[in-house]
Protein chains: 2
Amino acid sequence: MTDLNNFFKSAFTVDNVIFGFDEADLKVLLIKRGEEPYKDTWALPGYFVYPNENLDEAAGRVLEELTGLRNVFLEQVKTFGAVNRHPFGRVITVAYFSLVKINAYNVQAASIASDAEWHSVSDVKDLPFDHMEILQACFNRLKWSIRTRPVGFELLPPKFTLTELQHLYEAILETPLEKRNFRKKILSMNLLIDLEESQEGVAHRPARLYQFDPEKYRQFLSEGFIFELKETKKRDNRRKLQEV
Amino acid sequence: MTDLNNFFKSAFTVDNVIFGFDEADLKVLLIKRGEEPYKDTWALPGYFVYPNENLDEAAGRVLEELTGLRNVFLEQVKTFGAVNRHPFGRVITVAYFSLVKINAYNVQAASIASDAEWHSVSDVKDLPFDHMEILQACFNRLKWSIRTRPVGFELLPPKFTLTELQHLYEAILETPLEKRNFRKKILSMNLLIDLEESQEGVAHRPARLYQFDPEKYRQFLSEGFIFELKETKKRDNRRKLQEV
DNA sequence: AGAATTAGTGTAAAAAATACACATTTAAAG
DNA sequence: CTTTAAATGTGTATTTTTTACACTAATTCT
C-alpha cells in the first residue's frame with residue numbers, strides 16, 4: 001500500500017448516460033467517436049478522470065463539455081471494470097447518468113457538439129465496448145429513481161402539463177398508465193404548484209400548467225412522507241360481475 | 001486513449017462491507033490494519049484489484065481470504081474516489097457489500113482471521129479513510145435490498161423461525177415491526193417451505209422452522225409478482241372511536 | 001400443578017389502488 | 001355561426017392492502 005504509484009497501471013474513466021425527454025420519447029445523448037477503437041461509431045460520452053478531480057467532478061465536466069449545462073442532475077450508477085472491456089488495456093469506468101431538459105441543451109455552447117446527437121433509447125441497439133450494458137444499468141436506475149424520487153421534473157421544462165408528465169412516466173417505465181389514477185396520485189402528493197395558466201397554441205382544449213416545488217418536497221420529506229409510485233404488479237383486478 | 005498505460009497513475013481497490021446477523025444484531029466484519037496508514041485501527045477489508053481480475057472477482061477474493069467462504073451474496077454498491085481519500089496517493093475504491101451466514105464463518109479457513117472481528121453495525125462510530133461513508137452507503141443499500149428482494153435469507157441459517165426473520169428485518173430496517181402483519185405479509189408471498197419441524201432446546205413453546213425456496217421465488221417472478229415490503233410511512237392510523 | 005415464556009392466530013377499520021365513462025373546453029373546419 | 005375534432009378534466013364504486021389490536025396454545029422450568 002506504500003508503493004501506490006507503481007502498483008499497476010490502469011486507466012480510469014467516467015462514462016455518462018445523458019437522458020433527455022422530447023415530447024414522447026426518452027432520448028440518450030451519444031457521441032460519434034473521433035478515435036480508435038471504434039472510430040466513427042456512436043458511443044456513450046466518457047473521458048479520463050484527472051488526477052486532481054473527484055469522480056463526480058469528472059462526470060460533471062464531461063456533461064458540461066457536451067451540453068454546455070452545469071448543475072444538472074447527475075448520479076453515480078455503477079462501475080464497470082471487466083478485464084477485457086477495452087481492447088487497448090485495462091480501463092475501469094464509473095458510469096453516471098444525468099437528466100437534462102432537452103430544450104435547454106445548447107449545441108453552440110458544447111465544445112464537441114457537432115459529434116453529439118440525441119437518440120431514442122429504444123432505438124439504440126448496439127454500442128461499442130460494454131456500453132449497451134452501461135446504458136441498460138443506467139436506464140434501470142432511472143426507472144427506479146423516477147418511482148421513488150421526484151426526479152422526473154428534471155427532464156421537463158419548468159412549466160409542464162400533467163399529460164406531459166404522464167407521458168414521461170410512461171416512456172421511462174415503458175408501460176401505459178391510467179390517466180385519472182396517475183393524476184390523483186401525483187396531485188395527492190401536493191408537490192406541484194398549479195400555475196393557473198394554460199397551454200397556448202394547441203388545437204384543442206389547452207391544459208393547465210404546473211410547476212414542481214422543491215420547497216414543498218422538502219416539507220413533504222420532513223413530515224415523514226415518502227415519494228413512491230408503485231411498481232406495476234400483475235393482478236387480475238377486473239371488476240367482477242354483480243350477482244342479482 | 002491510445003496511450004493508456006501512461007495516462008496517470010492511480011491505484012484501484014475494492015472494499016467489502018461484509019454483513020452478518022447474530023441473534024439480534026446486524027454485524028459487520030472489520031479487520032485490524034497491519035500497515036500504515038492507520039496501522040492497528042479497525043477498518044473495512046479491502047485490497048488491490050489485480051490486473052487480470054474483474055471487479056467482482058476481486059471482491060470475492062477479499063471475501064474468501066477473510067472468511068473462507070465462496071459463492072456468497074455479493075453486490076457492487078458505489079465507487080469512492082475523492083482526490084484525498086487516501087493520504088498516500090490517489091486510490092479509487094469500488095465498494096461491495098456481502099451477506100454471510102455468520103455461523104458458517106470459519107475462523108480457521110480464513111488466512112488473516114486473527115485480525116478480523118465482527119462488530120455491531122450500530123456500534124461502529126469511526127473508521128479510517130472514508131470508510132464510515134462507505135459503510136453507510138452499503139447499509140442503506142442493504143435496507144433497500146431487503147425490502148425489494150429476498151436477500152434476508154442469506155443472513156440466516158438454512159432453517160429459521162419467523163421470529164428470527166422478523167428480528168433480522170427489524171435490525172436492518174431499524175424499526176419495530178408488528179408480528180402478525182409481518183407474518184401475514186411474508187407467508188402470503190409463498191416463498192417459504194414449512195418444514196414441519198420445531199426448534200429444540202428452548203425454554204418455551206418451540207417455533208416452527210421454515211426454509212426459503214429459491215425455486216418458488218423463480219416462479220413468483222415469472223408470474224409477474226414483485227417482492228416488496230413497504231417502506232414504513234408516517235401515518236396516523238389509530239382506530240377512531242365509534243360513535244354510538 | 002402452576003408459572004413463565006414465547007409462538008401463533010382472526011378480524012374489523014382505514015387507506016390505497018383500481019377500473020370505469022362522461023362532460024368540458026378550446027381551435028379548426030365548414 | 002354551427003359543428004366537429006381533439007384532448008382535458010373529473011367522481012365514484014369496488015377491490016385489495018395495510019393497519020391496529022388481544023387472546024389462546026404449546027412448551028419448559030420450578
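Letters go in sequence order (proteins before strands), and every chain restarts at 1. What's counted below: heavy atoms across the whole structure, side chains too, no hydrogens, waters or symmetry copies.
- Nucleic acid contact for B:Glu178: base, since at least one base atom lies under 4.0 Å from a heavy atom of the residue.
- Shown here are the ring-ring contact (aromatic ring centres under 6.0 Å, His included) partners of A:Phe97, two or more places apart in sequence or in another chain: A:Phe73.
- Counting any heavy atom pair closer than 4.0 Å across all strands shown, A:Ser198 reaches no nucleic acid atom.
- No contact: B:Thr161 has no heavy atom under 4.0 Å from any strand.
- The 5' end of DNA chain C is approached more closely, in terms of each residue's nearest nucleotide, by B:Ala203 than by the other of A:Ala203 and B:Ala203.
- Comparing atom distances between the A:Thr163 side chain and each of C:dT18, D:dT8, D:dC21 picks out D:dT8 as nearest.
- A side-chain N or O of B:Gln166 and one of B:Glu170 form a donor-acceptor pair less than 3.5 Å apart.
- Closest to the B:Lys230 side chain, of the nucleotides C:dA16, D:dT27, D:dT8, is C:dA16.
- Rounded to whole Å, atom C1' of C:dG8 lies 15 Å from atom CG of B:Leu165.
- For A:His204, the side-chain atoms get nearest to D:dA6 when compared with the rest of D:dG9, D:dA6, C:dA7.
- Closest of all the heavy-atom pairs between A:Gln76 and B:Thr79 is OE1-N, 2.7 Å.
- Rounding to whole angstrom units, CZ of residue B:Phe182 and P of D:dT18 are separated by 13 Å.
- Residue whose closest nucleotide on DNA chain C sits further toward the 5' end, between A:Val202 and A:Asn181: A:Asn181.
- Rounding to whole angstrom units, NZ of residue B:Lys179 and P of C:dT9 are separated by 10 Å.
- One interatomic measurement links the two molecules: CD of A:Gln199 to C1' of C:dT25, which rounds to 12 Å at whole-angstrom precision.
- Counting to the nearest Å, the C1' atom of D:dT27 and the CZ atom of B:Arg208 are 14 Å from each other.
- In this structure, A:Glu228 atom CD and C:dA16 atom P are separated by 12 Å, rounded to whole Å.
- For A:Arg180 and C:dC20, the shortest distance from a side-chain N or O to OP1 or OP2 is not below 4.0 Å.
- Between A:Leu195 atom CG and D:dT8 atom C1' there is a gap of 17 Å when expressed in whole angstrom units.
- Residue B:Arg205 places its side chain closer to D:dA25 than to any other of C:dA19, C:dT26, D:dA25.
- Applying the 3.5 Å distance criterion, the base of D:dT12 shares a donor-acceptor pair with the side chain of A:Lys184.
- A salt bridge does not link A:Lys78 with A:Glu133: every distance from a Lys NZ or Arg NE/NH1/NH2 to an Asp or Glu carboxylate oxygen is 4.0 Å or more.
- In this entry the distance linking CE of B:Met189 with P of D:dT18 reads 8 Å, nearest Å.
- Geometric assessment of A:Lys216 against the ring of A:Phe220 yields a negative cation-pi assignment under the 6.0 Å and 45° thresholds.
- Residue B:Lys185 places none of its side-chain N or O atoms closer than 4.0 Å to OP1 or OP2 of D:dT17.
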